[in-house]
Amino acid sequence: MPKLRGSTVVMVVYLLFLFLPIYWLINMSFKTNTEIVSSFSLWPQNPTVQNYVTIFTDPAWYMGYVNSLIYVVINTIISLAVALPAAYAFSRYHFMGDKHLFFWLLTNRMAPPAVFALPFFQLYSSVGLFDTHIAVALAHCLFNVPLAVWILEGFMRGVPKEIDETAYIDGYSFGRFFVQIFMPLIASGIGVAAFFCFMFSWVELLLSRTLTTVDAKPIAAIMTRTQGAAGVDWGVLAAAGVLTIIPGALVIYFVRNYIAKGFALGRV
């Protein structure tokens with residue numbers, strides 16, 4: 001019988017430690033609330049899918065996922081649209097204060113969302129954007145744009161400037177060159193930046209909860225308000241948690257190669 005290596009044992013223990021919370025969440029999602037609070041078991045004694053049925057049939061639950069996806073997609077598109085030309089400018093041109101401006105952009109990302117919750121609340125209430133998807137999307141841009149600029153600038157700096165010059169000599173306009181030639185060359189960077197923008201908006205709670213009430217309330221905010229007359233509905237909450245993990249897992253799966261390349265370039 002072959003001996004187990006120390007590294008194998010460590011990896012197995014680490015994976016068990018990593019997947020135990022996820023397994024327990026899935027385990028709870030197929031239990032009734034009574035079974036969850038009254039007994040301890042490694043698997044459901046009387047499996048049920050009622051928790052998932054509740055989420056998919058109750059607008060108060062499934063609209064939370066719709067709202068989250070709407071403002072996350074809007075934020076990702078806006079963040080990339082702003083970050084791409086900004087990162088190109090930082091990677092190709094040198095101007096007075098460029099390093100200071102680049103550092104100032106990153107300092108916005110260092111501040112916690114709680115710092116901006118009250119200003120955003122007052123501003124959006126004044127201009128009529130409160131409780132809208134665009135309100136949350138724009139608020140998240142304050143954090144995602146600096147990060148996207150930082151990531152994309154590293155990828156763009158790796159593209160030789162001679163490509164730009166050759167395209168201009170061949171008669172390409174800047175817009176045509178940027179879309180048809182330059183963006184395909186940094187597709188990995190765009191994928192990495194989109195991933196981080198998506199994940200921040202998907203899991204962020206404070207701003208999304210502060211800036212919404214009913215019409216644009218995200219699933220993260222709904223999951224924090226599950227206390228009812230009968231107590232917390234742990235089964236439905238667990239099922240909601242499982243469904244919340246799925247979009248992030250799908251995004252990671254599709255951009256995994258881009259993320260690996262980002263680590264190799266030292267920009268992630």
Side-chain angles (χ1 to χ4, degrees), residues 21-22 24-33 36 47-81 113-114 116-118 120-144 194-255:
I22 298 177
W24 203 255
L25 187 68
I26 297 173
N27 179 32
M28 289 176 59
S29 70
F30 290 103
K31 291 181 178 180
T32 62
N33 211 43
I36 292 173
T48 178
V49 295
Q50 185 57 44
N51 298 321
Y52 291 95
V53 172
T54 299
I55 291 175
F56 285 116
T57 56
D58 186 352
W61 277 105
Y62 68 72
M63 283 306 300
Y65 292 98
V66 174
N67 292 332
S68 294
L69 286 172
I70 289 174
Y71 75 68
V72 165
V73 171
I74 294 175
N75 169 260
T76 302
I77 293 174
I78 294 176
S79 296
L80 291 178
F116 302 100
L118 183 58
F120 274 130
F121 175 81
Q122 186 176 23
L123 175 64
Y124 289 155
S125 298
S126 301
V127 299
L129 286 179
F130 182 76
D131 197 22
T132 61
H133 302 103
I134 191 65
V136 183
L138 291 176
H140 286 175
C141 284
L142 182 65
F143 300 91
N144 283 338
F195 163 74
F196 280 103
C197 291
F198 180 94
M199 291 309 299
F200 175 84
S201 290
W202 184 254
V203 303
E204 198 280 326
L205 173 62
L206 182 62
L207 288 176
S208 59
R209 182 174 182 179
T210 304
L211 302 177
T212 60
T213 52
V214 179
D215 295 336
K217 187 190 299 183
I219 187 60
I222 294 175
M223 290 176 65
T224 62
R225 301 174 184 176
T226 55
Q227 183 77 30
V232 178
D233 196 338
W234 297 107
V236 174
L237 190 59
V242 172
L243 295 175
T244 304
I245 292 174
I246 293 175
L250 290 175
V251 172
I252 292 175
Y253 176 79
F254 286 113
V255 302

Undergrad: Which of these, Phe121, Phe120, Tyr124, sits in a ring-ring contact (aromatic ring centres under 6.0 Å, His included) with Phe130?
TA: Phe121
Undergrad: If every non-hydrogen atom of Met199 is compared with every non-hydrogen atom of Gly248, which pair is closest and at what distance?
TA: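 Looking at all heavy atoms of both residues, the closest pair is SD-CA, 3.9 Å.
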Undergrad: Closest approach of Ala139 and Leu211, non-hydrogen atoms and distance?
TA: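 The pair with the smallest heavy-atom distance is CB-CD1, 3.8 Å.
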Undergrad: Near Trp202 CH2, under 6.0 Å, is it more than 12 heavy atoms from other residues, nucleotides or ligands?
TA: yes
Undergrad: Taking all non-hydrogen atoms of both residues, which atom of Asn75 and which atom of Ser201 are closest, and how far apart?
TA: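 Looking at all heavy atoms of both residues, the closest pair is OD1-OG, 2.9 Å.
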Undergrad: As an exercise, state the distance from CG of Asn144 to CZ of Phe198, rounded to the nearest 0.5 Å.
TA: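 Asn144 CG to Phe198 CZ: 11.5 Å, rounded to 0.5 Å.
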Undergrad: Report yes if the side chains of Tyr52 and Phe30 come closer than 4.5 Å at any heavy-atom pair, otherwise no.
TA: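 The answer is yes; the side chains approach within 4.5 Å.
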Undergrad: Apply side chain to side chain contact (heavy atoms under 4.5 Å, CB included) to residues Ile78 and Ile134 and explain how you reach the verdict.
TA: CA-CA 10 Å; Ile78 294 176; Ile134 191 65; 4.1 Å; yes
Undergrad: Roughly how far, to the nearest 0.5 Å, is NE2 of His133 from OG of Ser68?
TA: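 So the gap between those two atoms works out to 8.5 Å.
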Undergrad: Please report the C-alpha distance between Tyr71 and His140 in whole Å, then the side-chain angles of each, then the deciding distance to 0.1 Å, and finally whether the side chain to side chain contact (heavy atoms under 4.5 Å, CB included) criterion is met.
TA: CA-CA 9 Å; Tyr71 75 68; His140 286 175; 3.7 Å; yes
Undergrad: Can you see which heavy atom on Ala238 is nearest to which on Met28, and at what distance?
TA: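 Here Ala238 and Met28 meet closest at CB-CB, 3.7 Å.
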Undergrad: Using modelled atom types and a 3.5 Å cut-off, is there a donor and acceptor pairing between side-chain atoms of Asn67 and backbone atoms of Pro218?
TA: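 Here the side-chain-to-backbone pair does not exist.
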Undergrad: What are the two closest non-hydrogen atoms of Thr244 and Pro247, and how far apart are they?
TA: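 Shortest heavy-atom separation between Thr244 and Pro247 comes out as O-CD, 3.3 Å.
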Undergrad: Identify the two heavy atoms, one from Ile36 and one from Lys31, that lie closest to each other, and give their separation to 0.1 Å.
TA: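 Scanning both residues completely, I find the closest heavy atoms to be CG1-CB, 3.6 Å.
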Undergrad: Rounded to the nearest 0.5 Å, how far does OH of Tyr62 lie from CD1 of Ile55?
TA: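 Rounded to the nearest 0.5 Å, the CD1-OH separation comes out at 13.0 Å.
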Undergrad: Side chain to side chain contact (heavy atoms under 4.5 Å, CB included) for Ile245 and Leu25? Distances and angles first, verdict last.
TA: CA-CA 10 Å; Ile245 292 174; Leu25 187 68; 3.8 Å; yes
Undergrad: Could you tell me the separation between the CD1 atom of Ile74 and the OG atom of Ser79, rounded to the nearest 0.5 Å?
TA: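 These two atoms lie 11.5 Å from each other.
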Undergrad: Between Thr213 (side chain) and Asp131 (backbone), is there a donor-acceptor pair under 3.5 Å?
TA: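 No, because the side chain of Thr213 does not come within donor-acceptor range (under 3.5 Å) of the backbone of Asp131.
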Undergrad: State the CZ-CD1 distance between Phe195 and Ile252, to the nearest 0.5 angstrom.
TA: 4.5 Å
Undergrad: Can Ser29 and Asn51 be counted as having a side-chain donor-acceptor contact under 3.5 angstrom?
TA: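 The answer is no; no qualifying pair exists.
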Undergrad: How long is the gap from OG1 on Thr212 to CG on Asp215, to the nearest 0.5 Å?
TA: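 Between Thr212 OG1 and Asp215 CG, I get 9.5 Å after rounding to 0.5 Å.
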